[in-house]
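Scope of the values below: all heavy atoms of this structure, side chains included, with no hydrogens, waters or symmetry mates.
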Amino acid sequence: MRFDKLDLNLLVTLDALIELKSVSSTAEHLNLTQSAVSGALKRLREYFNDELLARDGRSMVLTGKAQQLAPAIRAILLQVRSTITNPSEFDPATAVRCFTLGCSDYVAMIVGHDLALQVQNEAPGISFKFLPPDISALEMFERGDIDLLIVAESFARPEHPRRVLFEDDARAVCWAENPTIGDHITLDQFLDMGHVCAEFRGVSHPSVYEKQLTEMGIHRRIEVSVASFAMVPFALVGSRHMGVMHRRHAERFARMLPLKVLPLPLALKPVVEIAQWHRHRTSDPGLEWLLSRLERVLHTMDVHAA
């Protein structure tokens with residue numbers, strides 16, 4: 001189909017070229033031959049009177065024109081997908097689809113396993129992929145390549161819709177046989193002890209609780225840094241260190257490891273976890289089904305915990 005002398009099919013190729021910056025990778029991604037993609041790029045260059053992708057040593061870089069076109073082309077394709085090409089109904093019994101969720105390992109552990117178990121009979125063709133919410137995942141979300149982004153409300157992206165999923169609060173966690181801690185912990189102990197802390201590569205901000213502590217003027221003695229929330233409890237076992245964890249996460253690990261979960265000696269605000277989806281995908285019935293199943297999982301968890 002042509003619009004103002006432009007073959008609209010070329011926009012799909014241009015979108016992939018902008019993202020991948022490679023003719024061969026684009027060909028593989030779109031299941032086309034390299035010659036077909038090269039021909040498409042030639043036509044695009046002629047239409048826009050611009051190189052779009054220029055050679056820089058062994059790699060390709062976007063021209064200023066391509067960078068200018070990128071968000072508009074992605075928005076157009078997302079709008080077409082959400083309003084025209086997506087099915088108007090979603091039947092979980094027959095659907096074959098992989099949902100991609102951007103979330104921390106904490107969220108993946110709290111809801112991911114139970115989510116997969118709850119839908120395996122209802123939706124046998126549905127699978128899930130969980131990605132950490134780092135810079136690359138956020139870029140994927142903006143391109144519409146991540147179905148749901150689950151993050152703390154304070155890190156929400158204001159231009160996209162959201163729905164509150166659940167709340168959680170903070171707990172102090174230590175090895176169950178730690179000789180320096182009894183059934184409660186004082187603020188002096190909290191400040192004097194060495195701590196285990198999760199620090200994330202590719203994330204430009206600290207965790208929610210770390211941010212709150214810093215704003216309160218409290219700086220922990222970080223003696224061990226690990227790459228994920230899930231590594232914190234393993235680093236605590238056998239040590240005299242302490243960690244700060246989400247209550248749901250800590251209690252789940254305490255059922256598997258010799259850990260003691262205690263109230264903190266200071267008040268931190270609960271974390272509110274939200275789900276966000278791209279603003280151009282609000283009419284996707286598959287996402288609405290996924291959100292309803294997430295809410296069902298969380299409701300079941302809360303009922304069992306009560």
Side-chain angles (χ1 to χ4, degrees), residues 103-115 117 130 132-133 150-155 165-201 203 205-273 297-306:
C103 62
S104 67
D105 62 301
Y106 150 65
V107 171
M109 182 175 182
I110 293 301
V111 302
H113 177 260
D114 291 348
L115 175 66
L117 287 179
F130 294 91
I150 303 178
V151 293
E153 190 171 38
S154 55
F155 300 136
L165 291 180
F166 65 94
E167 287 190 5
D168 208 348
D169 48 13
R171 290 290 186 272
V173 185
C174 64
W175 179 37
E177 298 180 32
N178 188 327
T180 64
I181 299 178
D183 294 331
H184 69 282
I185 180 172
T186 67
L187 182 57
D188 286 341
Q189 284 179 306
F190 182 84
L191 296 176
D192 289 341
M193 292 182 64
H195 284 244
V196 177
C197 176
E199 295 184 355
F200 309 99
R201 293 181 60 186
V203 176
H205 54 74
S207 67
V208 175
Y209 297 136
E210 200 65 41
K211 184 173 183 290
Q212 289 189 45
L213 288 169
T214 300
E215 291 172 348
M216 295 167 66
I218 294 176
H219 301 281
R220 299 190 286 165
R221 282 179 45 212
I222 306 299
E223 295 189 350
V224 179
S225 295
V226 293
S228 69
F229 290 123
M231 293 176 65
V232 171
F234 291 98
L236 293 172
V237 174
S239 78
R240 296 194 178 193
H241 293 130
M242 169 169 293
V244 176
M245 296 181 64
H246 301 288
R247 175 184 56 80
R248 293 174 187 259
H249 212 198
E251 290 175 348
R252 180 161 295 199
F253 273 107
R255 294 195 289 269
M256 302 181 287
L257 298 172
L259 297 172
K260 187 180 294 185
V261 181
L262 302 170
L264 284 169
L266 47 97
L268 294 181
K269 298 176 184 178
V271 61
V272 178
E273 293 284 341
V297 165
L298 291 161
H299 175 72
T300 301
M301 289 171 51
D302 290 338
V303 167
H304 288 167

Non-hydrogen side-chain atoms of Ile185 and Pro265 separated by less than 4.5 Å: yes

Gap separating the CZ atom of Phe190 from the CG atom of Leu262, nearest 0.5 angstrom: 11.5 Å

Between Gln189 and Ile181, is there a donor-acceptor pair closer than 3.5 Å when you use the side chain of the first and the backbone of the second? no

Pair Glu215 + Lys211, salt bridge at N-O below 4.0 Å: yes

Side chain proximity check, Glu210 to Arg220, heavy atoms < 4.5 angstrom: yes

Can you run down the salt bridge (Lys or Arg N to Asp or Glu O under 4.0 Å) pairs that involve residues 170-179, sequence neighbours left out, and say none if there aren't any? Asp169-Arg171

With the threshold set at 4.0 Å, does a side-chain nitrogen-carboxylate oxygen contact exist between Arg252 and Asp114? yes

Any donor-acceptor pair under 3.5 Å linking the side chain of Lys260 with the backbone of Asn178? no

Can you tell me how far apart CG (Leu236) and NE2 (His195) are? Round to the nearest 0.5 Å. 10.0 Å

Quick one: are Ser207 and Phe229 in side-chain contact, heavy atoms under 4.5 Å? yes

Option from Val224, Val173, Ile222, Val232 for which side-chain contact (heavy atoms from CB on, under 4.5 Å) with His241 holds: Val224

Specify whether His246 and Tyr106 have parallel, tilted or perpendicular ring planes, treating 30° as the upper limit for parallel and 60° as the lower limit for perpendicular. parallel

Distance from Gln212 atom CD to Lys269 atom NZ, nearest 0.5 Å? 6.5 Å

Side chains of Arg240 and Pro179: does their closest heavy-atom pair fall under 4.5 Å? yes

Any chance you could measure Met231, atom CE, to Glu199, atom CD, to the nearest 0.5 Å? 12.0 Å

For the CZ atom of Phe166 and the CG atom of Leu298, what is their distance to the nearest 0.5 Å? 6.0 Å

Please confirm whether the backbone N or O of Ala230 pairs with a side-chain atom of Asp105, one donor and one acceptor, at under 3.5 Å? yes

Any heavy-atom pair between the side chains of Met242 and Val196 that's under 4.5 Å? no

State, with a plain yes or no, whether a side-chain heavy atom of Ile110 is found less than 4.5 Å away from one of Glu273. no

